Structures are given as C-alpha cells and as structure tokens.
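Shown next, in structure tokens, is the structure this report addresses.
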Amino acid sequence: MSKRSLLVASLLLLAAWQLLAWVVGSGLLPLKARTNILPGPLEVFPVFFAQLPKELGAHSLVSLRRVIGSMLLSVALAVPAGLAMGQSQRLNRLFSPLLYLTHPVPKVVFVPVVVLFFGVGDLAKIVVITLILFFQILVLVRDAAANLRPELIQSVRSLGAGRRALFVYVYLPASLPAVLTALRLSVGTAVAVLYVAELYATQKGLGYYIFLQGSTLFNYPAMYAGIMAMALLGLGLYFTVDWLEQRLCPWEYAD
Amino acid sequence: MIETRSLAFAYPSGPAIFSGFNWSVKAGEAWAILGPSGCGKSTLLYLLAGLRRPTAGQVMIEGQVITRPRPRTGLVLQDFGLLPWATCEENISLGLRIHGFYGPDGKHAPLDSKPGDIRAITGHWLKRLGLEDVRRHYPAQLSGGQRQRTAIARTLALNPDLLLMDEPFASLDAPTREGLQNLTLELRAEQRLTTIVVTHAIEEAAFLGRRILLLGTGIEIIENPEAGTPAYRGSVAYQQTCQHLRARLGEANPHSVTAPAGVGAFD
C-alpha cells in the first residue's frame, strides 16, 4: 500500500467522523441521548494534543508498557514451546489436544481471575494479554517448525549441524516470520483486552482514562481523545510489527 | 574408502529395501547408482551420509563405522537443501559457520579443520561457480541451476573428500543439466573427490559414473572406464553404455530377486 493511499483513507475517515458529529450535534436525529455525545475531530484534536503532554500521555505510556511487556513475555514463552512441539511429534501428540481445547476459550473472561491471582498491578494486565498472544504465537511457530522440509534439515545435518546448530541456523530463523505474523494478527485483540483489563482495579492506563472521562466526568472530548490514543496505540504497534517483519525477514519480500 | 558389510535396511512396518549388501568404493572412484524409483538408491545414499541407521550391518568409511554424518562427507540433494532465508553467499558459508560453531571436535567438524577465513573461502567458491553476481540473492530469486551451484559450493567449501549427490540435476533443463554435469567432472578432478551420484537418468549415470551400480534387477556393477571427460558424451562407447543400461533396466522387475551370490539382495 502506498503512503498516499493511506493518507487519503485517513482523511476520508476523519471527514466521515466530522460529518457524523455534525449530524448528531444538530439534534435532527431522533436520539434519546444528549446531542453532545459525538464531538468531531475538530473538537477532539485540540483536546488530544493539549492532554498528550499531561495526563493522557502518562496513561498512554502505562498502557504501552503493558502491551510491550506482554509481547516480550509471550514471545519468550511461546517460541521455545512452539519449536519443541514442532520438532517433536511426541510432544505435539501430547499437547495438541490440550491446545485444541484451550485455544478457542475467550481469554478475556479470565480477567477477574487473573486479578485475584496477580493483584491489581501491571503484572495482572500483562498476564491477561500474554494468555492471548501466547496461543497465537505457539500455534504459528509450531506449524512453521513442523512444516520445514525434511530435505532441508537433512542437508544442514550433513554439513555437521547437531541439535544446537539446527536450532540456531534453521529452527530459529524459520520461526521468525511466524512470530511476527502472530503478533501482527493478535495485536488488535491484545489492545482490546488491555482496555477491558484496565477497567478493573486500576487508576492508570488508557482504559481507566477513557472510562473516567466518559462515565464519571462526562468530558466527552477527553473521552474521545483517550479512544484516539488507544486506536493510535494499536495502529502504532501494528505498523511497528509490519516494519520489523520487513527488516528482519527480507527474504519474504524479495521478488 | 567405503565398505558396506551385510548392510540391511527397512522402513518401520515396511518390507526390507535391501539386505546382506556388500559393496566397496575405493578413494578417487566415480560411481553412479542407477535404478528405477523406489529401488532404494536414495536410501543407500542416506545410509552412506549417516543420515539413516541401517537395520543390520555396517557402513564403514575410512575405517570408521558411520553412525552420524561424517564431517568430510559432502551431500548435495535435488532440491530444498538451501536455507530460504539466507542469501546465496550466506548459504555457501553455512557449513563453515556450523564448523566454527562447534570448533574442530571431530564429531561435527574435522579435527584438523582450521578456523579459516570464512569470507575468503566463500568468496573463492562464489567466483569458482560463477555466483558472484547473485551473491545477495535469496534462493527463491535464483534459477534452478544457480541454486544447485550454490548447494555444490556450500558442500565444497568444507573441503570434503567424498561427495554424495542425490538426483542433483533432475529438476533442471537439459542445457543447464549438461553444464553442471561437466562442472561436476571438473570439480572432481580439481578437488580429487570420490563421487557417488544417485540418478534415475541413464545418460547421467553413463556420463558421470566410471563404475555404475545398477539396482532394481538385483545388483549389478557395470564398468564404464572411459567416462570422465566432457567429450565422452559424443563417443560411441557412451552410446553403447547407455544402450546396455537401457536394456538392463528394461529387464528390471522390482519383484524378482536375482542377486549374484555373495553380493546381497535388493527386494
């Protein structure tokens, strides 16, 4: 996708948002709610930029820290597990049914449980998001390792590679695109779950900020500034993973 | 150099592919192993490479029983042997880097291997096999011939004394195949290699093998002493060898076992 087409799409979205804001604000729609519930970007942007160096920025950093922490933790746990399962049919046979049963369970319902176990701090939030990312990465890394052609493994073994060298020169680089694809696919879900997790027993993070501004202070422009920050957080992470994929896996993009 | 003693192999829950197989290869010989699909010729090569364990008997190379890949044996496969995520140059240096990873332990790398200049050795082989222009290309960007030359360069960079090739040129078009067959002859002479080429192509066996192990009709060894120069392809002897091989393969019936006494049986 070209930068220009992305810019055009962004402008279109903003225009649609502003248009909708005017329609809702005009009171012409038969809405039961007040007419100030949808401020447009012309109203929200100044609040966003004014709040960013203050409260909003601080809450954003907390949220960012939690997502990055979960991404690192889930990669550290899921990559070795996925590689082990992908290499060993016995391990795969043992754990696949377990994975099959637990993978589709919506992890977000465990938020209260995780809070009970890990308390109200950052750790609980990180654990919840890690639960989601872990399974995505595990499955894709396992499949990447299992789908390596036997000819490839044999020919690298014939060059003298034992288990350790195979890991370094074959399995690890082979799993890299899988890790990044898993992160790219699940970063949206991760941010969504972060929002839910930050509604619980915390006074930091964008989830808390959005809830506070909207439901307690009724400061709608600030609420939308928070929503914007959360959207940008997800988008920024998505772009970062995309960029990393192009930097770290150039063979996937070679024509 | 190579001796197989009462070698037997069967896949789990499969029939014996061969049993009681005795064979010997002297240093510097050029062998071709020819036979129809499924006759066990690739399996034999994998046994020699130490990538499969015999169900009975032994493979001995230079007096040592082979139980794992031997550092001085080079192996070139038909396809899929290159790392897709590594450039041509990185693929060629792979074996050297693996040897550096373990050090000269005699198990993964030869005891006498010196930590040579990886870049210099890789550069030499890039040049020798005409791959300098594509050194930064990934395998997916290379032609079939370039990929096989990369695989050969990667193997020869480790300075092997024995080169095993499994259908190395089967997926290439005819001119490329002939070019690489000529190159194989050149490299064999330059590096003083013992070579064993597994193939199902009669012409390839006749061109590359001075001795041809014919499988499928039992076991037969066909002498082909004049092979070894590019000019041989145009000779009468070459034509006759091809004809002879064709006739022998035509009689092949994988269900009949007519092994000469004392040589072994291919089922």
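Convention: sequence-line order gives letters A, B, ...; per-chain numbering from 1. All values reported here derive from a predicted model rather than from experimental measurement.
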> Which of the residues B:Ala151, B:Pro84, B:Ala109 is involved in the greatest number of heavy-atom pairs with chain A at under 4.5 angstrom?
Replying inline: B:Pro84
> Passes salt bridge (charged side-chain N to carboxylate O under 4.0 Å, His left out), A:Arg247 versus A:Asp242? Steps please.
Replying inline: CA-CA 9 Å; A:Arg247 282 296 299 273; A:Asp242 220 31; over 6 Å; no
> Given B:Leu126 and B:Cys88, is the side chain to side chain contact (heavy atoms under 4.5 Å, CB included) satisfied, shown in steps?
Replying inline: CA-CA 9 Å; B:Leu126 276 168; B:Cys88 167; 3.9 Å; yes
> What part of B:Leu75 is in contact with chain A, defined as an atom under 4.5 angstrom from a non-hydrogen atom: side chain, backbone, both or neither?
Replying inline: both
Expected list for residues 190-199 of chain B: side-chain donor-acceptor pairs under 3.5 angstrom, two or more places apart:
residue	atom	partner	partner atom	Å
B:Glu190	OE1	B:Arg128	NE	3.1
B:Glu190	OE2	B:Arg128	NE	3.2
B:Glu190	OE2	B:Arg128	NH2	2.6
B:Thr194	OG1	B:Gly28	N	2.8
B:Thr199	OG1	B:Ala201	N	2.9
B:Thr199	OG1	B:Glu204	OE1	3.0

> Between B:Tyr46 and B:Arg52, is there a cation-pi geometry (under 6.0 Å to ring centre, at most 45° from the normal)?
Replying inline: yes
> Looking at B:Arg97, B:His99, B:His137, which one has more heavy-atom pairs under 4.5 Å with chain A than the rest?
Replying inline: B:Arg97
>> Quick check for you: among B:Phe101, B:Tyr102, B:Trp85, B:Tyr138, which has the greatest number of heavy-atom pairs under 4.5 Å with chain A?
In response: B:Trp85
> Do B:Ser42 and B:Asp166 have a side chain donor and acceptor closer than 3.5 Å?
Replying inline: yes
>> My understanding is that only residues two or more places apart in sequence, or in another chain, count here; which of them pass ring-ring contact (aromatic ring centres under 6.0 Å, His included) with A:Phe48?
In response: none
>> Both conditions, 6.0 Å and 45 degrees, for the charged tip of A:Lys107 above the ring of A:Phe135: are they met here?
In response: yes
> Taking only residues two or more places apart in sequence, or in another chain, which ones meet A:Phe95 in a ring-ring contact (aromatic ring centres under 6.0 Å, His included)?
Replying inline: none
> Rounded to the nearest 0.5 Å, what separation is found between the OG atom of A:Ser175 and the CG atom of A:Leu83?
Replying inline: 4.5 Å
> Heavy atoms under 4.5 Å from chain B: which residues of residues 140-155 of chain A carry them?
Replying inline: A:Leu148, A:Arg149, A:Glu151, A:Leu152, A:Gln154, A:Ser155
> Of the backbone (N, CA, C, O) and the side chain (C-beta and beyond), which part of B:Leu164 lies under 4.5 Å from a heavy atom of chain A, both, or neither?
Replying inline: neither
> Is it the backbone or the side chain of A:Val156 that comes under 4.5 Å from a heavy atom of chain B, or both, or neither?
Replying inline: both
>> Using a 4.5 angstrom heavy-atom cutoff, name the option from B:Thr73, B:Val76, B:Leu77, B:Leu96 with the most pairs to chain A.
In response: B:Leu77
> Under a 4.5 Å heavy-atom cut-off, does chain B meet the side chain of A:Pro250, its backbone, both or neither?
Replying inline: both
>> Centroid separation under 6.0 Å, is that true for the rings of B:Tyr11 and B:Phe9?
In response: yes
